[in-house]
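Each chain gets a letter, A, B and so on, in the order the sequences are listed, and its residues count up from 1. Note that the structure is a prediction, hence the values are computed from the model and not measured.
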2 protein chains.
Amino acid sequence: MSAHEQLGFRALADPTRREILHLLAGRELTIAEVAENFDMTRAAVKKHLSILGEGDLISVRAEGRSKLNAVNPAGLKRVADWFGYFDAFWDERLNTLKSEIEKDTQ
Amino acid sequence: MSAHEQLGFRALADPTRREILHLLAGRELTIAEVAENFDMTRAAVKKHLSILGEGDLISVRAEGRSKLNAVNPAGLKRVADWFGYFDAFWDERLNTLKSEIEKDTQ
DNA sequence: GCTTTGTGATACCGTTTGGTTTCACATTTA
DNA sequence: TAAATGTGAAACCAAACGGTATCACAAAGC
């Protein structure tokens, strides 16, 4: 078990953080922009983003005085790959997803 | 977000529970048999199995005075499917994100 | 310079989590 | 019946979690 795998699973355990990942899918957002979508303070959102970063699920880049947060597909893939251990026990739908991810990361 | 999805992610957040699922892959085990693989009491293992059950990740059947625990592939698949949300974004974003991340980390 | 705006970080608080200990209940076997 | 074995559940505790409030720092615009 890699540290990133553990931190990734921990990060995904909170529904707010999973929703943040959905918000970030396809676009970069600042902390303030993410916070607009939730009924909580920016400090709380910052904590969630930090935990997502520790799990390698998002990346951050600076632009002026702003920090833009984006999903890190490679980090998400690392967590998703854990389920591959059980490939022999279910139908091929996940295998299809898995192969598509692997194709994308080539 | 279904309740099972949330409880499933919560159950997977703990490394002991993920290891239990690996132990149960392909065979049914009693609580005592699972506990033999860890340095913790059966009561603690029972708690983990209960949480895995709440997440619909395992099923339990009685046999005599024993209870046999087994992985529930459908429950695991339900959690794994969450990652499918990002299917549409992986194609268009992965390469861009990867290059930007590599640029930032240089 | 000064103000505004965005982020970072700390202290604090109530709740949850992961573990133990202990006891009770249920089922097999002598 | 009694003893042995396996599970269930409660009380308890330290640590982690999710949130707030507050303050400090950095960059852009006046």
Side-chain angles (χ1 to χ4, degrees), chain A residues 1 3-24 27-72 79, chain B residues 1 3-24 27-71 79 104:
Chain A
M1 171 190 63
H4 268 153
E5 180 184 293
Q6 166 55 22
L7 293 174
F9 271 110
R10 178 177 73 109
L12 290 176
D14 185 88
T16 299
R17 288 193 286 269
R18 293 198 302 278
E19 193 174 345
I20 288 176
L21 286 176
H22 278 185
L23 281 174
L24 294 179
R27 58 184 168 167
E28 297 177 303
L29 295 177
T30 65
I31 294 181
E33 288 168 337
V34 172
E36 290 173 4
N37 294 272
F38 297 94
D39 186 23
M40 70 180 71
T41 63
R42 279 175 311 204
V45 170
K46 163 61 179 167
K47 277 194 182 181
H48 284 305
L49 290 172
S50 296
I51 292 174
L52 287 168
E54 290 170 6
D56 201 32
L57 302 183
I58 65 171
S59 59
V60 189
R61 68 181 183 90
E63 186 163 290
R65 59 182 164 185
S66 297
K67 298 280 185 76
L68 294 177
N69 301 271
V71 291
N72 176 20
V79 179
Chain B
M1 172 190 64
H4 269 152
E5 180 183 293
Q6 166 55 22
L7 293 174
F9 270 110
R10 179 179 71 111
L12 290 175
D14 185 88
T16 298
R17 289 194 286 269
R18 293 199 302 278
E19 193 174 345
I20 288 176
L21 287 176
H22 278 184
L23 281 174
L24 294 178
R27 57 184 167 167
E28 297 176 301
L29 295 177
T30 65
I31 294 181
E33 289 168 337
V34 172
E36 289 173 4
N37 295 272
F38 298 94
D39 185 22
M40 71 180 69
T41 63
R42 279 175 313 204
V45 170
K46 162 63 178 168
K47 278 192 181 182
H48 284 306
L49 289 171
S50 295
I51 292 173
L52 286 168
E54 290 170 6
D56 200 32
L57 302 182
I58 64 170
S59 58
V60 188
R61 68 181 183 87
E63 186 162 291
R65 59 182 164 186
S66 297
K67 298 280 185 75
L68 293 177
N69 301 271
V71 291
V79 179
D104 287 349

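Using a 4.0 Å cutoff to heavy atoms of chain A, the contacted part of DNA chain D runs 5' to 3' from D:dC17 to D:dA28.
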- Query: Between A:Ile58 and A:Leu21, is a side chain to side chain contact (heavy atoms under 4.5 Å, CB included) present by the stated rule, with each step listed?
  - Reply: CA-CA 8 Å; A:Ile58 65 171; A:Leu21 286 176; 3.6 Å; yes
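Taking atom NZ on B:Lys46 and atom P on C:dG18, their separation rounds to 15 Å, with Å as the unit. Per the geometry, CG belonging to B:Asp14 stands 18 Å off P belonging to C:dT16, to the nearest Å. Nucleotide C:dT16 holds its P atom 13 Å from the CD1 atom of B:Ile51, rounded to whole Å. Rounded to an integer number of Å, the gap from B:Arg10 CZ to C:dT17 C1' is 8 Å. Rounded to whole Å, the distance from CG on A:Leu68 to C1' on C:dG6 is 12 Å. A straight line from NZ of A:Lys67 to C1' of C:dG6 spans 10 Å, rounded to a whole angstrom. In this structure, the CG atom of B:Leu49 is 17 Å from the P atom of C:dT17, given to the nearest Å. Regarding A:Glu36, its CD atom lies at a distance of 14 Å from the P atom of C:dT5, rounded to whole Å.
Comparing A:His48 and B:Ala43 against DNA chain D, the residue whose closest nucleotide sits nearer the 5' end is B:Ala43. Taking the nucleotide of DNA chain D with the nearest heavy atom to each of A:Arg17 and B:Val60, the more 5' of the two is matched to B:Val60.
A:Ala44 comes within contact range of at least one nucleobase, with a heavy-atom separation under 4.0 Å. Counting any heavy atom pair closer than 4.0 Å across all strands shown, A:Thr30 reaches sugar-phosphate atoms only and no base atom.
With sequence neighbours excluded, the residues forming a side chain to side chain contact (heavy atoms under 4.5 Å, CB included) with B:Glu33 are B:Leu29, B:Thr30, listed by chain and number. Every residue two or more places apart in sequence or in another chain that forms a side chain to side chain contact (heavy atoms under 4.5 Å, CB included) with A:Thr16 is listed here: A:Asp14, A:Ile20, A:Phe38, A:Met40, A:His48. Residues satisfying the side chain to side chain contact (heavy atoms under 4.5 Å, CB included) test with A:Lys67, not counting sequence neighbours, are A:Val60, A:Ala62. Here B:Ala35 pairs with B:Arg42, B:Val45 under the side chain to side chain contact (heavy atoms under 4.5 Å, CB included) rule; sequence neighbours left out. With sequence neighbours left out, the salt bridge (charged side-chain N to carboxylate O under 4.0 Å, His left out) criterion links B:Arg10 to B:Glu54. Residues satisfying the side-chain hydrogen bond (donor to acceptor under 3.5 Å, both in side chains) criterion with A:Thr41, sequence neighbours excluded, are absent altogether.
When side chains are defined from C-beta on, B:Glu63 does not count as touching B:Glu28, because their heavy atoms never get closer than 4.5 Å. By the 4.5 Å heavy-atom criterion applied to side chains, A:Asp56 and A:Leu7 are not counted as neighbours.
Side-chain atoms of B:Gln6 come within 3.5 Å of backbone N or O of A:Ala13 as a donor-acceptor pair. Of the possible donor and acceptor atoms, none in the side chain of B:Arg17 sits under 3.5 Å from a partner among the backbone N and O of B:Leu12.
For the residue pair B:Leu57 and B:Gly8, the shortest heavy atom distance occurs at CD1-O, 3.9 Å.
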Could you go through nucleotides 11-14 of chain C and list every protein N or O atom that sits under 3.5 Å from one of its N or O atoms, giving the distance for each pair?
none

N/O-N/O pairs, protein side and nucleotides 23-29 of chain C side, under 3.5 Å:
unit_1, atom_1, unit_2, atom_2, d
C:dT27, O2, B:Arg65, NH1, 3.4

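Regarding contacts with the backbone of C:dT5, every side-chain N or O of A:Ser66 stays at 4.0 angstrom or more from both OP1 and OP2.
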